[in-house]
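Notes to accompany the following structure.
The chains referred to below are lettered A, B, ... by the order of the sequence lines, with proteins before strands, and numbering in each begins at 1. Everything numeric in this text was worked out from a predicted model, so none of it was measured.
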2 protein chains.
Amino acid sequence: MARPRREQVRKEIAEEIKSVARNQMSQYGTAGLSLRAIGRELNITAPAIYNYYPSLDDLITVLIVDAFEDLANSMETARANASPANCVTKIEAILFAYRQWAIEHPVDFQLIYGNPIPGYEAPVEVTGPLARRPFLGLFELYTEALKTGEMTLPEEYQPAPQSIRGYLKTWHETSGIEAPDELVCLLMVGWARIHGLVMLELFHHLQPVVGDVGALYAYEIRAFHKRLGMRA
Amino acid sequence: MARPRREQVRKEIAEEIKSVARNQMSQYGTAGLSLRAIGRELNITAPAIYNYYPSLDDLITVLIVDAFEDLANSMETARANASPANCVTKIEAILFAYRQWAIEHPVDFQLIYGNPIPGYEAPVEVTGPLARRPFLGLFELYTEALKTGEMTLPEEYQPAPQSIRGYLKTWHETSGIEAPDELVCLLMVGWARIHGLVMLELFHHLQPVVGDVGALYAYEIRAFHKRLGMRA
DNA sequence: ATAATAAAATAAACACTGTAAATTTACAGT
DNA sequence: ACTGTAAATTTACAGTGTTTATTTTATTAT
């Protein structure tokens with residue numbers, strides 16, 4: 001007879017394994033986690049973990065999913081907690097949350113945006129949509145700011161490159177997002193700006209030069225928004 | 001009697017090992033190279049490699065050194081081959097070389113600017129100065145452009161943050177580089193911009209959105225220089 | 001040519017790793 | 001108590017970096 005599984009216990013143990021894995025990864029890097037080491041810490045043999053995750057890769061996948069969701073949640077709560085006066089304050093709260101999360105979870109950030117793990121291949125059908133989620137709010141807010149006139153497109157970003165305009169024609173249909181080509185481009189280079197700053201900070205390429213990287217981050221964001229005509 | 005070592009042969013073999021290592025790394029990622037696999041490919045046992053590199057870490061270090069130098073050389077030859085008409089053409093040639101090199105040597109780029117390798121700790125005394133080299137030419141050119149009036153500092157980037165200005169006071173003495181604080185900051189955020197674009201491109205985060213990432217890269221650089229008042 | 005010698009390669013061993021298969025243990029339902 | 005199954009363990013295999021001791025190889029001096 002099919003006995004009712006102890007789903008509760010199962011879930012707890014799976015969660016415990018994930019937690020230990022996350023902890024070990026934060027110590028030894030994304031490529032440095034080991035089933036046997038996890039087992040040792042839990043007083044469990046390594047093969048026992050296979051009852052909860054079919055392979056090391058599956059464990060990595062759930063870690064990635066968790067990381068994406070955690071990042072998205074952090075950005076969304078930052079938006080919710082921001083003063084609702086205007087778009088720019090909410091946007092800046094989200095952007096600061098991006099860096100803050102990366103600093104507080106450097107290995108999770110590497111897991112999401114850094115080098116691929118040697119043997120591992122991410123399942124794109126699950127990882128693709130997740131990767132977009134953290135930025136949906138930003139897209140929404142910038143689009144709104146453009147519509148209300150709170151923001152204007154600087155002349156040096158006009159027009160968008162021909163090849164990209166052509167590509168975006170089909171992209172608009174598949175993604176369902178409606179926005180001027182120049183805005184899409186601007187948001188992409190905007191993302192690259194903060195992403196580059198965070199990446200360089202995480203691997204200590206900026207500290208020796210500017211000292212206070214947080215100040216540089218705020219400086220770049222404020223300059224960006226000033227250029228777009230947005231005022232806090 | 002101390003017999004003269006076969007330095008020539010030694011060097012050749014060491015080079016061969018390095019070459020195979022680089023090749024394997026490009027296949028299996030920065031964390032995926034194996035002494036035993038290198039040995040197999042060279043019909044050599046793994047411990048034999050220890051005669052040429054004291055450990056795997058030392059091998060990684062020379063790969064990093066090589067990568068830094070190769071990147072710097074690519075950027076310098078790009079500058080040399082550019083039309084010497086004005087600063088901006090040379091600068092843009094260098095910046096395009098940065099991306100080009102990253103695309104042609106993605107794993108070397110990850111080795112330099114990506115996740116740290118699990119057990120490996122880079123020797124800062126050798127890796128530090130090397131990390132600056134690729135950008136010395138850029139620093140020089142932008143400084144010159146500012147001096148000749150070919151470039152101006154946009155108002156949204158003035159003034160530089162207080163904390164960074166304080167830090168730069170000591171930095172100018174140790175680095176020997178003389179430049180306005182705002183220029184240093186602008187170059188750092190400028191680096192972050194192209195670095196972020198390259199990083200996102202390398203891990204395929206931009207292609208699904210804009211299609212032609214190269215066009216986006218040129219677009220961002222041209223907009224940057226347009227904003228600085230520089231004309232090609 | 002031969003003997004001496006140092007360099008370089010190997011073999012063996014150690015402590016690890018992920019994973020597969022077989023086996024034992026523990027427990028819920030009858 | 002018995003049975004069926006979930007979940008753990010044991011065992012094994014093929015791989016990893018590295019150390020040690022040993023052997024082979026190559027070169028130089030006689």
Side-chain angles (χ1 to χ4, degrees), chain A residues 1-18 20-25 27-64 111 116-122, chain B residues 1-18 20-25 27-64 111 116-122:
Chain A
M1 272 285 94
R3 167 167 26 121
R5 296 181 184 179
R6 304 176 302 164
E7 281 298 338
Q8 187 56 30
V9 179
R10 255 195 91 81
K11 232 178 149 186
E12 275 170 20
I13 296 180
E15 206 66 30
E16 211 166 0
I17 291 170
K18 204 166 67 181
V20 172
R22 188 176 298 286
N23 187 43
Q24 296 213 345
M25 207 177 61
Q27 284 184 52
Y28 307 110
T30 54
L33 59 82
S34 142
L35 289 183
R36 292 186 123 108
I38 294 169
R40 267 195 301 276
E41 194 162 325
L42 290 171
N43 287 319
I44 286 280
T45 55
I49 299 175
Y50 283 80
N51 286 313
Y52 302 93
Y53 299 97
S55 77
L56 182 61
D57 279 15
D58 295 80
L59 180 53
I60 293 174
T61 298
V62 309
L63 289 175
I64 290 177
L111 191 62
I117 294 176
Y120 176 78
E121 188 91 29
Chain B
M1 272 286 91
R3 170 165 25 118
R5 297 178 184 180
R6 306 174 304 160
E7 282 298 338
Q8 188 57 30
V9 179
R10 255 195 92 80
K11 232 178 149 182
E12 275 170 20
I13 297 179
E15 206 67 29
E16 212 165 356
I17 291 170
K18 203 166 67 182
V20 173
R22 188 174 299 287
N23 187 43
Q24 296 215 342
M25 207 176 61
Q27 284 184 54
Y28 307 111
T30 55
L33 59 82
S34 140
L35 288 182
R36 292 186 124 109
I38 294 169
R40 265 195 303 276
E41 192 160 329
L42 290 171
N43 286 319
I44 286 280
T45 55
I49 300 175
Y50 283 80
N51 287 313
Y52 303 93
Y53 299 96
S55 77
L56 181 62
D57 280 15
D58 294 81
L59 179 54
I60 293 173
T61 297
V62 310
L63 290 175
I64 290 177
L111 192 62
I117 295 176
Y120 176 77
E121 186 90 31

Shortest non-hydrogen separation from B:Q24 to B:S34 and the atoms involved: OE1-O, 4.1 Å
Tabulate protein N/O versus nucleotide N/O from nucleotides 18-22 of chain D, keeping only pairs under 3.5 Å, one per line.
| unit_1 | atom_1 | unit_2 | atom_2 | d |
| --- | --- | --- | --- | --- |
| D:dT18 | OP2 | B:Y50 | OH | 2.7 |
| D:dT18 | OP2 | B:L56 | N | 3.1 |
| D:dT18 | O5' | B:Y50 | OH | 2.7 |

Please check the phosphate of C:dA6 (OP1 and OP2 only) for any side-chain N or O of B:R10 closer than 4.0 Å. no
Quick one: A:Y120 OH to C:dT17 P, roughly how many Å, whole number? 21 Å
Under 6.0 Å from the OH atom of A:Y28, do we count more than 12 heavy atoms belonging to anything else shown? no
Could you state the atom-to-atom distance from CG of A:L59 to C1' of C:dT19 in whole Å? 14 Å
Any A:Y28 side-chain N or O less than 4.0 Å from OP1/OP2 of C:dC16: no
Among C:dT10, C:dC16, D:dA7, the one nearest B:A48 by side-chain distance: C:dT10
Can you tell me the distance, in whole Å, between the CZ atom of A:R40 and the P atom of D:dT9? 14 Å
Give A:L33 one of three labels, base, sugar-phosphate or nothing, depending on what nucleic acid heavy atoms sit under 4.0 Å from its own. sugar-phosphate
Using whole Å, what does the distance between atom P of nucleotide D:dA7 and atom OH of A:Y53 come to? 14 Å
Which pair of non-hydrogen atoms, one from B:A21 and one from B:L33, has the smallest distance, and what is that distance? O-CD2, 4.2 Å
For A:I44 and D:dA7, give me the distance from atom CD1 to atom P, rounded to whole Å. 12 Å
Of all heavy-atom pairs between B:Y120 and B:D57, which one has the smallest distance, and what is that distance? CE1-O, 3.3 Å
Whole-Å distance between C:dG18 C1' and A:D58 CG? 13 Å
Nearest whole angstrom, please: distance from the P of C:dC27 to the CG of A:N51. 15 Å
Taking atom types as modelled, is there a side-chain donor on A:D58 or A:S55 under 3.5 Å from an acceptor on the other? yes
Would you tell me if any nitrogen or oxygen in the side chain of A:T45 comes within less than 4.0 Å of OP1 or OP2 on D:dT10? no
Nearest whole angstrom, please: distance from the C1' of D:dT16 to the CD1 of B:I60. 13 Å
Does A:Y50 form a side chain to side chain contact (heavy atoms under 4.5 Å, CB included) with A:L35? I'd like the steps, not just the answer. CA-CA 9 Å; A:Y50 283 80; A:L35 289 183; 3.5 Å; yes
Which pair of non-hydrogen atoms, one from B:L63 and one from B:M25, has the smallest distance, and what is that distance? CD1-SD, 4.0 Å
Could you run through DNA chain C and flag its stems, i.e. three or more consecutive Watson-Crick or G-U pairs with both distances under 3.5 Å? C:1-30 with D:1-30
Given A:N51 and A:I13, is the side chain to side chain contact (heavy atoms under 4.5 Å, CB included) satisfied, shown in steps? CA-CA 10 Å; A:N51 286 313; A:I13 296 180; over 6 Å; no
On a heavy-atom basis, the closest approach of A:V62 and A:Y53 is CG2-CE2, 3.9 Å
